[in-house]
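Labels below follow one simple rule: chain letters A, B, ... track the order of the sequence lines, proteins then strands, and each chain is numbered from 1.
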There are 2 protein chains.
Amino acid sequence: MDVFLKTVSALNDETRILILRFLDEYGDSCVCDLQTSLDMIQSRLSRHLKILKEAGFLRVERRGTWAYYAIRSPLDRFRSEALEEIRHLDITLPPLQKTSQTGACKL
Amino acid sequence: MDVFLKTVSALNDETRILILRFLDEYGDSCVCDLQTSLDMIQSRLSRHLKILKEAGFLRVERRGTWAYYAIRSPLDRFRSEALEEIRHLDITLPPLQKTSQTGACKL
DNA sequence: ACAATATATCAACATATGTTGATTTAATGA
DNA sequence: TCATTAAATCAACATATGTTGATATATTGT
């Protein structure tokens with residue numbers, strides 16, 4: 001029960017759906033790039049990334065000062081199906097902005 | 001987006017998961033019987049049944065004074081998958097009590 | 001060690017959602 | 001029409017969750 005509810009609860013937010021969709025489309029991203037691309041305050045992003053991670057949707061990998069988040073693979077059946085639904089939602093995805101590469105990522 | 005979020009939001013509650021599991025196990029039930037079997041206040045049940053119905057999980061059929069709720073069929077892919085998950089959750093389902101038959105269902 | 005930057009966490013607040021008891025609406029039968 | 005019962009809705013309250021700005025932690029380079 002707990003695991004299922006946590007999974008569902010993680011899906012129950014527009015911000016997190018957008019994040020999932022973004023990572024699904026563009027692949028691994030550091031918080032910094034997500035912040036620029038999605039135009040979100042850093043604490044807000046961290047919160048949602050943590051929830052998605054703890055719900056089993058994402059994994060994190062630390063590279064230097066950066067934390068790269070990515071969709072976990074392989075996802076189990078239910079999470080995969082949820083992601084598939086999200087893929088077909090009518091969302092206007094913002095372009096990927098890799099400010100972390102250029103060093104222009106100062107918070 | 002709206003439809004998906006509404007679906008997910010409907011799943012995001014223990015009470016509603018229990019109701020879905022119950023109806024999946026025992027089939028159509030009137031609010032009255034659900035109330036007795038699940039030991040829930042009537043207004044609480046009505047609320048959750050409405051949410052589940054509007055989210056596309058349930059259908060209602062009025063028979064006399066009674067409103068019989070049942071899992072909609074066929075469910076679409078995502079809702080089916082969700083129901084399948086719910087089927088495998090570790091929930092101790094209370095026994096079905098058909099008080100509506102005996103007339104002992106006074107609220 | 002210190003400065004700079006990336007990320008995580010915290011506290012305060014606002015909004016959303018669930019619960020309950022009361023009231024309203026609907027259907028049936030005398 | 002009136003009484004009875006089932007179900008829906010409402011109002012008040014409590015709890016959960018999201019947002020924001022501030023602070024803490026972590027990593028790198030000087």
Measure the distance from CD on B:Glu61 to P on D:dA6 and round it to the nearest whole Å. 18 Å

Is the backbone of A:Ala10 close enough, under 3.5 Å, to the side chain of A:Arg16 for a donor and an acceptor to pair up by distance? yes

Round to the nearest Å and state the distance from A:Glu54 atom CD to C:dT9 atom P. 9 Å

Taking CD from B:Glu14 and P from D:dA16, how many angstroms apart are they, rounded to a whole number? 12 Å

I'd like to know if the side chain of A:Ser37 reaches the main chain of A:Gln97, judged simply by a donor and an acceptor atom lying under 3.5 Å from each other, with no hydrogens or angles considered. yes

D:dA8 phosphate, OP1 or OP2, under 4.0 Å from B:Lys50 side-chain N/O: no

Can you tell me how far C1' of C:dT5 sits from CG of A:Asp33, to the nearest Å? 14 Å

Check: B:Tyr69 ring centroid to B:Phe57 ring centroid under 6.0 Å: no

When the ring planes of A:Phe78 and B:Phe78 are compared, do they come out parallel, tilted or perpendicular, using 30° and 60° as the limits? parallel

Taken to the nearest 0.5 Å, the spacing of A:Arg72 CZ from A:Leu83 CG works out to 13.5 Å

Working to the nearest 0.5 Å, report the span between CD of A:Glu81 and OG of B:Ser80. 9.0 Å

Ignoring backbone atoms, establish whether B:Tyr69 has a side-chain N or O less than 4.0 Å from OP1 or OP2 of D:dA8. yes

Starting at atom CG of B:Leu45, determine the distance to atom C1' of D:dA8, rounded to an integer number of angstrom. 12 Å

Classify every nucleotide of nucleotides 17-30 of chain C by which part a protein heavy atom approaches to under 4.0 Å, writing B for the base, S for the sugar-phosphate alone and - for neither, in 5'-to-3' order. -BBBBB----BS--

